J.: 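Before I ask anything, let me first share the structure, which is written out below as structure tokens.
Chain letters run A, B, ... following the sequence lines, proteins first, then strands; residues in each count from 1. Because the structure is a prediction, the values reported are computed rather than measured.
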2 protein chains.
Amino acid sequence: MAAANIKQVAKHAGVSLGTVSNVLNRPDLVSPATRQKVLDAITALGYVRNDSARQLRAGRSRTVAILVLDVSNPFFTDVVRGAEAVVEEAGGMLVVCNSGEDPRREQRHLDMLEEQRVQGLLVTPVSDGRHPRLDAFVERGIPVVLVDRGSGHPSRCSVAVDDVTGGRLAAEHLAERGHERIAYVGGPITIRQVADRHLGAATALAERDVPLDLQLVTTPSLSVDAGRQAADDLAALSPDRRPTAVFCANDLLALGLLQGSIAHGLRVPEDIAIVGYDDIEFAAAAAVPLSSVRQPRAQLGRTAAELLLEESINGVGHQHRHVLFQPELLVRASSDHHR
Amino acid sequence: MAAANIKQVAKHAGVSLGTVSNVLNRPDLVSPATRQKVLDAITALGYVRNDSARQLRAGRSRTVAILVLDVSNPFFTDVVRGAEAVVEEAGGMLVVCNSGEDPRREQRHLDMLEEQRVQGLLVTPVSDGRHPRLDAFVERGIPVVLVDRGSGHPSRCSVAVDDVTGGRLAAEHLAERGHERIAYVGGPITIRQVADRHLGAATALAERDVPLDLQLVTTPSLSVDAGRQAADDLAALSPDRRPTAVFCANDLLALGLLQGSIAHGLRVPEDIAIVGYDDIEFAAAAAVPLSSVRQPRAQLGRTAAELLLEESINGVGHQHRHVLFQPELLVRASSDHHR
DNA sequence: TCACAACTATGAAACGTTTCACTCGCGGCA
DNA sequence: TGCCGCGAGTGAAACGTTTCATAGTTGTGA
């Protein structure tokens, strides 16, 4: 009982071993009567297929892995849910692994996933740049799709969101509302997303009929605390030098900035307008509902999974693609005020 | 190159197949010279062990699965991170699966995990009560640890947090601050956590020298929106009937209630004190920093994983245990006011 | 009646490991 | 000298599937 196998099922049902396998994998090849006998034996013995053996022999797996930078980041959890839907729809199973932004943990996970010969891998690598480690997967016939990283690689698909456009949207919105002293709060600037959003915003402002400057306030991290710090700094400026509008690199910063500004007696958006990025669940629920740039997170996951499965099925005929999604600005109270 | 196996490595290194296996699994049995030859062959061929075959033959897996109700719930992501640390420390790999509170998806995941003969399973089942499905795992020798559910089961370990005590802590705090009209906002009351927190709070108030009532406001869900609804209801009451303090079943409700109360012109905590539950990241960053009952989430995950590994190693000698953690009240501005 | 197709069912080979009983040399000890 | 023990390495069996060539059984049309 502990571990019935196909052989015992075959004996119990009075058929051959191959027939049991056929019932499991190609039931239409088996006559209804035999099929039923086998199914009865299976339930009687509590048989459960051994996937190791199946995978060893069949040479293919049905589990797709997604390796994310941070399981507790809502961005990734939404991506996961999108990917999940597609993989499960296709009869597979999605397992989530967490690198925690630690290259060594990433390495360990990649090693074990390669040993497991997973069907495919969705991954946001810790570092930008080239990823020789991932080429091993591709050579082994395991498709890899990059999520929100290094698009354009010739030997794998990728999905990402256009952060430059996102920055542009936020900055244009603030400029249209009549703001002339606008700041960008974010950092470290070495993070591609932080840099791209800055670039988009700065470019948009510089291109205006009356070009505007984008004051850069760098933060040590993208946390609520860092946002509060930034609020302290801004509140200390004299009103005629203080930015009248701030675009934050993410919502955590923006929420911290919002809270800090209110604590300093600044009115939002009258004294200082704020736009965040990511549209996390709490953006709309903040003391002053937060304007934010929304990324199609679930869509990102869905598309990544679709590309992966397509490559997995099509194999050789597959053409690698790089999908770039467009973000969307949601204007809420924190910036909805004309100067 | 595509898929070198142990045999090819053996040939390339000029040794027998068993020796290669020994290098991989018991390197001390092999002389340094031979070992090096084999290692060179491995890198030369780009050999990566096939885990299916290994697991099939060796009969044991090194991946532990955690099946959670909702990957995007910060409670579970913290549990995951705790468990992760322990499993990786032990040389294993933790994979996360998401049931999304859907019994059918839970079922599918359990089926596939059983087929994969994972080393062990941490799970928060969708439904409370008995779980015949999980017994199959135990019979098959796969240890199961329940997380935050149905403790006391004789054939598996469990870890949970004492929600009754959590409710008690919150209620006692509010009573000590001089509140006499206290409400509990939460629902559906069929969720065990919601009911236990209510029970703890109601009991604590009833036991006081001057017994107090706990007014129950049920909500359709535990969301920010439901909290806002509750705020509308409370604000509509005349000030002499309105509760002066509210204990919410979780922080999402509390944040909604907070935001709604402020929108209705109520001062927090002067007009209405609020205590939440979970101490999510945004509790401290709310417009008025939110008092909350914190659960040792990561600790929960760590302990669950430790129990699992202990059972996995000890096997027969293992004694099932049920660990109950105590929550902790964090008093912040939203309730820090003496009447 | 015969040949042939269509349908079922069979059983052995193969997948890539781990494990274990074994052999082979060699040095030490009586 | 002969025996023993030991370290190093060997190779075959086994794990539980899937797959495939094959065999047996019916039914059909000429």
J.: Please state whether the phosphate of C/dT18, meaning OP1 or OP2, lies under 4.0 angstrom from any side-chain nitrogen or oxygen of B/Arg54.
T.: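 Yes, because at least one side-chain N or O of B/Arg54 sits under 4.0 Å from OP1 or OP2 of C/dT18.
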J.: Could you give the OH-to-P distance, from A/Tyr47 to D/dG16, as a whole number of Å?
T.: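 Going from OH in A/Tyr47 over to P in D/dG16 covers 10 Å.
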J.: Please compare B/Ala53 and A/Asn22 by the position of their nearest nucleotide in DNA chain D and report the one closer to 5'.
T.: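 The residue whose closest nucleotide sits nearer the 5' end is B/Ala53.
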J.: Please determine, for the side chain of A/Thr34, which listed nucleotide (C/dA13, C/dA9, D/dG9) has the closest atom?
T.: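 The closest nucleotide is C/dA9.
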J.: For C/dT19, take OP1 and OP2 only and decide whether either is under 4.0 Å from a side-chain N or O of B/Arg60.
T.: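 So the side chain of B/Arg60 is within the cut-off, an N or O lying under 4.0 Å from OP1 or OP2 of C/dT19.
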J.: Return the value, rounded to whole Å, for the distance between atom CG of A/Leu29 and atom P of D/dT25.
T.: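 From A/Leu29 CG to D/dT25 P: 20 Å.
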J.: Quick one: CD on A/Glu114 to CZ on A/Arg140, what's the gap to the nearest 0.5 Å?
T.: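 Those atoms lie 4.5 Å apart.
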J.: Salt bridge or not between B/Arg81 and A/Asp70? Use side-chain N to carboxylate O under 4.0 Å.
T.: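 Judged by the 4.0 Å cut-off on N to carboxylate O distance, B/Arg81 and A/Asp70 do form a salt bridge.
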J.: Please list every donor-acceptor pair under 3.5 Å in which a side-chain atom of residues 120-127 of chain A meets a protein atom from a residue at least two apart or in another chain.
T.:
from	atom 1	to	atom 2	distance (Å)
A/Thr124	OG1	A/Val147	O	3.0

J.: Name the one of A/Asp78, A/Val79, A/Thr77 that satisfies side-chain contact (heavy atoms from CB on, under 4.5 Å) with A/Phe75?
T.: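 So, applying the side-chain contact (heavy atoms from CB on, under 4.5 Å) to A/Phe75 and each of A/Asp78, A/Val79, A/Thr77, only A/Val79 qualifies.
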J.: Select base, sugar-phosphate, or nothing to describe what A/Asn25 touches, counting heavy atoms under 4.0 Å on all strands.
T.: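 Counting heavy atoms under 4.0 Å across all strands, the contact made by A/Asn25 is with sugar-phosphate only.
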J.: State whether A/Arg49 places a side-chain N or O below 4.0 Å from either non-bridging phosphate oxygen (OP1 or OP2) of D/dT18.
T.: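 Indeed, a polar side-chain atom of A/Arg49 lies that close.
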J.: Without decimals, in angstroms, what is the distance between A/Ile42 CD1 and D/dG16 P?
T.: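 The distance from CD1 of A/Ile42 to P of D/dG16 comes to 16 Å, rounded to the nearest Å.
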J.: Let me know the distance between CG of B/Leu17 and C1' of D/dA14, rounded to the nearest Å.
T.: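 For the pair B/Leu17 CG and D/dA14 C1', the rounded distance is 13 Å.
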J.: Base, sugar-phosphate, or nothing for B/Arg117, non-hydrogen atoms under 4.0 angstrom?
T.: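 The residue B/Arg117 makes no contact with any strand.
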J.: OP1 or OP2 of C/dT18 sitting under 4.0 Å from any side-chain N/O of B/Ser21?
T.: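 Checking B/Ser21 against C/dT18: at least one side-chain N or O falls below 4.0 Å of OP1 or OP2.
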J.: Looking at C/dT19, I'd like to know if its phosphate oxygens (OP1 or OP2) sit under 4.0 Å from a side-chain N or O belonging to B/Arg26.
T.: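 So the side chain of B/Arg26 is within the cut-off, an N or O lying under 4.0 Å from OP1 or OP2 of C/dT19.
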J.: Given D/dG9, D/dG16, D/dT19, which nucleotide is nearest the side-chain atoms of B/Leu56?
T.: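 Out of D/dG9, D/dG16, D/dT19, the nucleotide with an atom closest to B/Leu56's side chain is D/dG16.
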J.: Check whether any side-chain nitrogen or oxygen of A/Ser31 sits under 4.0 Å from OP1 or OP2 of C/dT8, and answer yes or no.
T.: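 For C/dT8, OP1/OP2 do not have a side-chain N/O of A/Ser31 under 4.0 Å.
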J.: Grab the CG-C1' distance between B/Asn50 and D/dG16 for me, whole Å please.
T.: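 Atom CG in B/Asn50 sits about 14 Å away from atom C1' in D/dG16.
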J.: Does A/Thr19 put a side-chain nitrogen or oxygen below 4.0 Å from OP1 or OP2 of C/dA9?
T.: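 Checking C/dA9 against A/Thr19, no side-chain N or O comes under 4.0 Å of OP1 or OP2.
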J.: Roughly, in whole Å, what's the span from CD in A/Glu115 to P in C/dT17?
T.: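 Taking atom P of C/dT17 as the reference, CD of A/Glu115 is at 10 Å.
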J.: Between P on D/dT10 and NZ on B/Lys7, what's the gap in Å once rounded to a whole number?
T.: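 B/Lys7 atom NZ is separated from D/dT10 atom P by 15 Å.
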J.: Separation of A/Ile6 atom CD1 from C/dG11 atom C1', in whole Å?
T.: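 Going from A/Ile6 (CD1) to C/dG11 (C1'), I get 13 Å.
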J.: To the nearest 0.5 Å, what is the distance between CG (B/Leu307) and NE2 (B/His320)?
T.: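 One gets 10.5 Å once the value is rounded to the nearest 0.5 Å.
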